[in-house]
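Hydrogens, waters and symmetry mates play no part in the numbers below; they use all other heavy atoms, side chains included. In each ligand, atom 1 is the first atom listed, and ligand 1 is the first ligand listed.
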Amino acid sequence: MRRSDLPAGFVLGTATAAYQIEGATQEDGRGASIWDAFARVPGAIADGTTGEPADDHYHRMPEDVALIADLGFDAYRFSIAWPRIQADGTGPANPAGIDFYRRLAESLLERGVTPWATLYHWDLPQALEERGGWLERDAASRFADYAAQVTDQLGDVITDWITLNEPWCSSFLGYASGVHAPGRNTGARSAQAAHHLLLGHGLGLEAIRATQPEARVGTTLNLYSVRPASDSEADRDAARRIDGLSNRFFLDPVLRGTYPEDVLDDLGQASWFAEHAPSDDLRRISAPIDFLGINYYSRHTVAAGAESDAVDGPPSAYPGSEDVRFVRTGAPVTEMGWEIHPDGMVDVLRQANELAPGLPLYITENGAAYADQVDAAGEIADPERTAYLQTHVEACRSAVDSGLPLAGYFIWSLMDNFEWAWGYSRRFGIVHVDYETQRRTVKHSGRWVTDLLRGEGAAEAAAQLREG
Ligand code: IFM
């Protein structure tokens, strides 16, 4: 696989998110987010850690930008921490918060790397959660106000904007299973949070178009390739439900301006949506976007029948569809237990393209967690991650060759970081972070990426340069 196998102009980038890397959670006027509060709840995070200091990126940003540029990436997708801009989710933008992201964007541009900014990667200001969070319609208006201020003040240095990252996680992991912040168990009401998030996308999009007409704006959904474990009617219905809640419940409103009725029925939410999600909301949610971002990691194989550990585990993230099992197929999995299935990436790209033919698509996240070991020489050999990335880049090529409008691919993640409910116990980076010293070391997968981006031997030459 060579870079020249992909079309000219195909964007190759890497991604992170604010809470996962920045640290400095109480500096320069940053307010508390739902993740600051949730991480302090005993038992919420597997290893008992928080996003402090994470990768200390807030203080090491210049070094990290140099790393991104040296690795050879075209683009860097980061997120803006809402509580750095508005400590309590309202009011004028905090100049120190704006200044940090301006310096980040300018440093990237100086090194020839295009900044891509996500406005909401899960860090809702805690003050807004205390007013009901995403279960309240007002959160959407607050988000639009925040988006308008950020794009107004940073629109001269950032052109590519993503409104939301993975609203499925924010709504169903945050408000149904509660394994993510804010850790609430509201059952099918979590679908109302999803509507308010999507409305936030629609209102935010309008606000960005008004402040920065030349911006390229999209949103990012986490999509799964879903298939039934057998051809039985019950298993096919299970697949319909999981495809419905994970994929169609977000794709349809954004790309077609409708909610899938079967999913509203599964959720028992048809009457709430009839009353509270008027056609005007859907008109805004489905306003034209410049691209769709897709985060793809894995395939789900599902069967009828409840999970055996459902009684002891957290409430389902699939309210109304609790009678569905996620089947282990025996195919290789990453340390997250996620099945590796590169062809599924082409499936989800095709699914999106069928709804909006020709709309540019970007894989805004793809990557793998493995239990990396640092050897005696300080090297991190991670052949499984390299194979994962290589097969998914090859899947990009297949997608392009089959005529799908895939325009770019971002690796999750630049460096090891705070993996939400898993804390620091899962490593996704192509750069290793020693959390004791904050030393960054490029893993073998990172060298493979540099060779892909710049040609064979580039990684070795760069390493020699670094060593002086
Ligand atoms: O770390 C997350 C990221 O924040 C959102 N997408 C999935 C990644 C891996 O779980």
Side-chain angles (χ1 to χ4, degrees), residues 13-23 33-36 38-39 44-47 49-51 54-55 57 76-82 116-124 162-174 177 179-182 197 218-225 246-247 250 292-300 317 326 333-341 344-345 348 362-372 382 384-385 388-389 392 409-433 435 445:
T14 186
T16 61
Y19 191 70
Q20 294 180 271
I21 65 165
E22 285 180 0
S33 80
I34 53 175
W35 274 94
D36 293 298
F38 183 68
I45 309 298
D47 58 5
T49 56
T50 70
D55 294 338
H57 169 75
Y76 173 52
R77 174 180 174 237
F78 57 92
S79 80
I80 293 181
W82 185 348
W116 283 53
T118 303
L119 286 158
Y120 187 71
H121 198 126
W122 307 354
D123 34 16
L124 184 73
I162 292 172
T163 53
L164 307 178
N165 181 70
E166 303 182 353
W168 179 85
C169 296
S170 302
S171 44
F172 293 112
L173 298 181
S177 69
V179 300
H180 277 191
L197 279 148
T219 198
T220 279
L221 305 178
N222 52 313
L223 302 181
Y224 298 86
S225 173
S246 317
N247 300 331
F250 296 90
L292 179 71
I294 296 175
N295 292 353
Y296 174 80
Y297 288 90
S298 187
R299 166 172 77 172
H300 291 325
F326 290 76
V333 296
T334 67
E335 204 196 359
M336 300 298 282
W338 299 347
E339 181 184 308
I340 302 167
H341 189 65
M345 199 166 86
V348 298
Y362 290 84
I363 295 295
T364 39
E365 281 181 29
N366 175 251
Y370 286 104
D372 301 318
D382 55 344
E384 292 164 307
R385 183 176 292 104
Y388 182 99
L389 296 175
H392 285 79
Y409 170 86
F410 290 73
I411 290 171
W412 185 269
S413 180
L414 167 66
M415 53 189 168
D416 298 333
N417 57 49
F418 178 79
E419 177 52 27
W420 308 113
W422 291 98
Y424 299 95
S425 69
R426 294 292 180 277
R427 292 178 179 268
F428 275 88
I430 55 169
V431 174
H432 179 270
V433 176
Y435 295 117
S445 57

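- Distances shorter than 4.0 angstrom do not occur between any heavy atom of R426 and any atom of ligand 1.
- Considering only non-hydrogen protein atoms, atom 6 (N) of ligand 1 sits nearest to E365 OE1, 2.5 Å.
- Ligand 1 has an N or O atom lying under 3.5 Å from an N or O atom of H121, backbone or side chain.
- Neither side chain, Y424 nor D47, offers a donor N or O lying under 3.5 Å from an acceptor on the other.
- In this structure a side-chain-to-backbone donor-acceptor pair under 3.5 Å is missing from N247 to L223.
- Closest to atom 8 (C) of ligand 1 among all protein heavy atoms lies Y297 OH, 3.4 Å.
- Residue contact annotation: W338 has a non-hydrogen atom under 4.0 Å from ligand 1.
- Contacts between F418 and ligand 1, counted as non-hydrogen atom pairs separated by less than 4.0 Å, are absent for every part of the residue.
- Once rounded to the nearest 0.5 Å, the distance linking CG of N165 with OG1 of T219 reads 8.5 Å.
- In this structure, F418 and Y19 have perpendicular ring planes: the angle between them is above 60°, well past the 30° mark.
- Of the N or O atoms in W420, one or more lie within a sub-3.5 Å distance of an N or O in ligand 1.
- Taking every non-hydrogen atom of E419 and a distance limit under 4.0 Å, the qualifying atoms of ligand 1 come out as 1 (O), 2 (C), 9 (C), 10 (O).
- Taking a 6.0 Å sphere around CH2 of W422, one finds it holds 12 or fewer heavy atoms contributed by other residues, nucleotides or ligands.
- Checked by atom type, the side-chain pair T220/N295 shows no donor-acceptor distance below 3.5 Å.
- Between E335 and R427 there is no salt bridge, since no side-chain N of the basic residue sits under 4.0 Å from a carboxylate O of the acidic one.
- Using a 4.0 Å cut-off to heavy atoms of E166, the atoms of ligand 1 that qualify are 5 (C), 6 (N), 7 (C).
- Between Q20 and ligand 1, a contact under 3.5 Å exists for at least one N or O pair.
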